[in-house]
Number of protein chains: 2
Amino acid sequence: MKKLLLQNQLCFPLYALSRQVTAVYRPLLDKLELTYPQYLVMLVLWEADNKTVGELGDKLLLDSGTLTPLLKRLEQKKLITRQRNPADERQVTITLTEAGRDLQALAADIPTQLQASFQIDDQQAIQLRQQLTTLLQQLSPTNESNQ
Amino acid sequence: MKKLLLQNQLCFPLYALSRQVTAVYRPLLDKLELTYPQYLVMLVLWEADNKTVGELGDKLLLDSGTLTPLLKRLEQKKLITRQRNPADERQVTITLTEAGRDLQALAADIPTQLQASFQIDDQQAIQLRQQLTTLLQQLSPTNESNQ
DNA sequence: CACAATTGTATTGTGTGCAATATAATAAAC
DNA sequence: GTTTATTATATTGCACACAATACAATTGTG
């Protein structure tokens with residue numbers, strides 16, 4: 001097999017599909033005035049509030065270079081607050097505001113709306129997610145075999 | 001199932017894995033002084049030279065807002081030329097320089113090197129690629145059911 | 001305790017992605 | 001054949017991603 005062909009690469013469909021899926025999210029997230037990465041941060045906080053920047057980064061595999069400006073924008077929108085941890089002034093704790101918590105209700109049906117765009121049954125979706133998650137764990141920095 | 005949980009989303013693993021895979025490419029592409037999207041453009045041109053900006057965009061699902069500056073950078077590196085099509089002055093034809101063609105030899109073993117990072121057998125990889133490609137076609141703009 | 005190493009976040013700079021708009025060339029409509 | 005519509009690329013502006021660096025707070029070491 002000629003490996004230097006776009007059609008034979010595993011990585012291009014991954015790259016392209018990721019962007020196309022984000023594009024499907026966009027009109028839904030526009031209503032909440034959120035970008036996709038901002039939505040991911042909100043998802044994490046809705047699940048468990050009061051995370052440090054580092055904890056958010058661990059969950060989302062993003063560093064402070066990406067998160068700090070993103071979080072400042074969420075702060076400007078009054079969805080979160082950013083405050084230094086008095087017990088360890090290096091850390092910054094991210095906390096949902098009431099408006100941030102309220103937004104969860106408006107986001108509740110996004111997963112269902114999105115699912116409708118995919119002609120894929122639940123079983124197949126779960127299996128695909130499992131496969132992607134396994135690969136993700138192989139590559140993630142917490143895997144010792146990647147230093 | 002609580003759909004508003006990060007762990008239950010299909011899209012987050014897709015987003016995160018895409019970035020992690022690009023990160024695996026990075027040290028390999030650094031040697032060629034290429035970014036991942038630049039590498040994708042070169043892949044298309046190695047397969048068939050003399051593409052217009054629009055044709056590259058169709059293949060890679062990128063628009064001129066992304067491609068134009070990217071192609072200018074490849075031009076600065078003397079890997080491609082950009083010239084208006086005399087038969088239709090609106091189009092810009094992208095052509096590999098000799099240096100651009102020569103670079104293919106240096107890129108030849110990237111797919112193999114990359115594969116080693118994935119603990120996934122060929123059969124599984126092909127099936128996963130098929131699944132991603134199918135989803136991609138469902139979402140791509142050429143699919144009528146998406147307008 | 002002093003002081004070096006580490007940790008957590010922020011900043012800077014570069015390169016995408018993408019929406020919105022601009023512009024020039026071609027095609028279509030009349 | 002002029003006018004209008006469409007097409008192909010470019011430009012602008014904003015928001016990621018991420019490498020590299022900076023900096024302050026904390027921890028480890030003697």
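Convention: sequence-line order gives letters A, B, ...; per-chain numbering from 1.
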Is a side-chain donor or acceptor of A/Glu55 paired with a backbone partner of A/Thr52 at a separation under 3.5 angstrom? yes
If you look at every strand shown and take non-hydrogen atoms under 4.0 Å, does B/Leu70 touch a base, only sugar-phosphate, or nothing? sugar-phosphate
A/Lys51 and its side chain to side chain contact (heavy atoms under 4.5 Å, CB included) partner, picked from A/Val92, A/Val44, A/Val41: A/Val44
Taking the inter-plane angle between the rings of B/Tyr36 and B/Tyr25 on a 0 to 90° scale, is it parallel (under 30°), tilted (30 to 60°) or perpendicular (over 60°)? tilted
Contact check, residues 32-57 of chain A vs DNA chain D, heavy-atom distance under 4.0 Å, returns A/Thr35, A/Pro37, A/Gln38
If the cut-off is 4.0 Å, is B/Tyr15 near the phosphate of D/dC16, judged by side-chain N/O to OP1 or OP2? no
Looking across every strand, which nucleic acid part, if any, lies under 4.0 Å from A/Ala87 by heavy atom: base, sugar-phosphate, or nothing? sugar-phosphate
Quickly work out the A/Leu67 CG to D/dC16 P distance and round it to whole Å. 10 Å
Quick check: on DNA chain C, is the nucleotide nearest A/Leu71 upstream (toward 5') of the one nearest B/Lys77, or the reverse? Name the residue that is more 5'. A/Leu71
Residue pair B/Thr95 / B/Asn50, side-chain donor-acceptor N/O under 3.5 Å: yes
Distance check needed: C/dT9 C1' versus A/Ile94 CD1, whole Å only. 10 Å
Between C1' on C/dT7 and CD on A/Gln91, what's the gap in Å once rounded to a whole number? 9 Å
Is the base of D/dT9 touched by the side chain of B/Arg90 through a donor-acceptor pair closer than 3.5 angstrom? no
Taking only the side-chain heavy atoms of B/Arg82 (C-beta and beyond), determine which of C/dT16, C/dT11, D/dA10 contains the nearest atom. D/dA10
Separation of atom CG in A/Asp88 from atom P in C/dT9, rounded to whole Å: 8 Å
Are OP1 or OP2 of C/dG17 and a side-chain N or O of A/Arg26 less than 4.0 angstrom apart? no
Whole Å only: how far is the CG atom of B/Asp63 from the P atom of D/dT12? 16 Å
Nearest-angstrom distance from the residue atom CG of B/Asn85 to C1' of C/dA24: 15 Å
For C/dT9, does either OP1 or OP2 sit under 4.0 Å from a side-chain N or O belonging to A/Lys72? no
Heavy-atom donor-acceptor pair, B/Asp121 side chain to B/Gln124 backbone, under 3.5 Å: yes
Is there a donor-acceptor pair closer than 3.5 Å between any side-chain N or O of B/Thr68 and the backbone N or O of B/Ser64? yes
Can you find a side chain N or O atom of B/Arg73 that sits less than 4.0 Å from OP1 or OP2 on C/dT16? yes
Any ion pair linking A/Glu89 and A/Arg84 (charged N to carboxylate O, less than 4.0 Å)? no
Would you mind telling me which residue lines up with the more 5' stretch of DNA chain C, A/Arg19 or A/Gly65, judged by nearest nucleotide? A/Gly65
Integer-rounded Å distance: D/dA19 P and B/Leu29 CG: 13 Å
Calculate the interatomic distance between B/Leu62 atom CG and D/dA8 atom P; express it in whole Å. 17 Å
Mark yes or no for a side-chain to base donor-acceptor pair under 3.5 Å between B/Ser64 and D/dA8, with no hydrogen or angle criteria applied. no
Of the nucleotides C/dA10, C/dT26, C/dG17, which one has an atom closest to the side chain of A/Thr68? C/dA10
Quickly, which of B/Ile80, B/Asn85, B/Asp49 forms a side chain to side chain contact (heavy atoms under 4.5 Å, CB included) with B/Thr93? Name it, please. B/Asn85
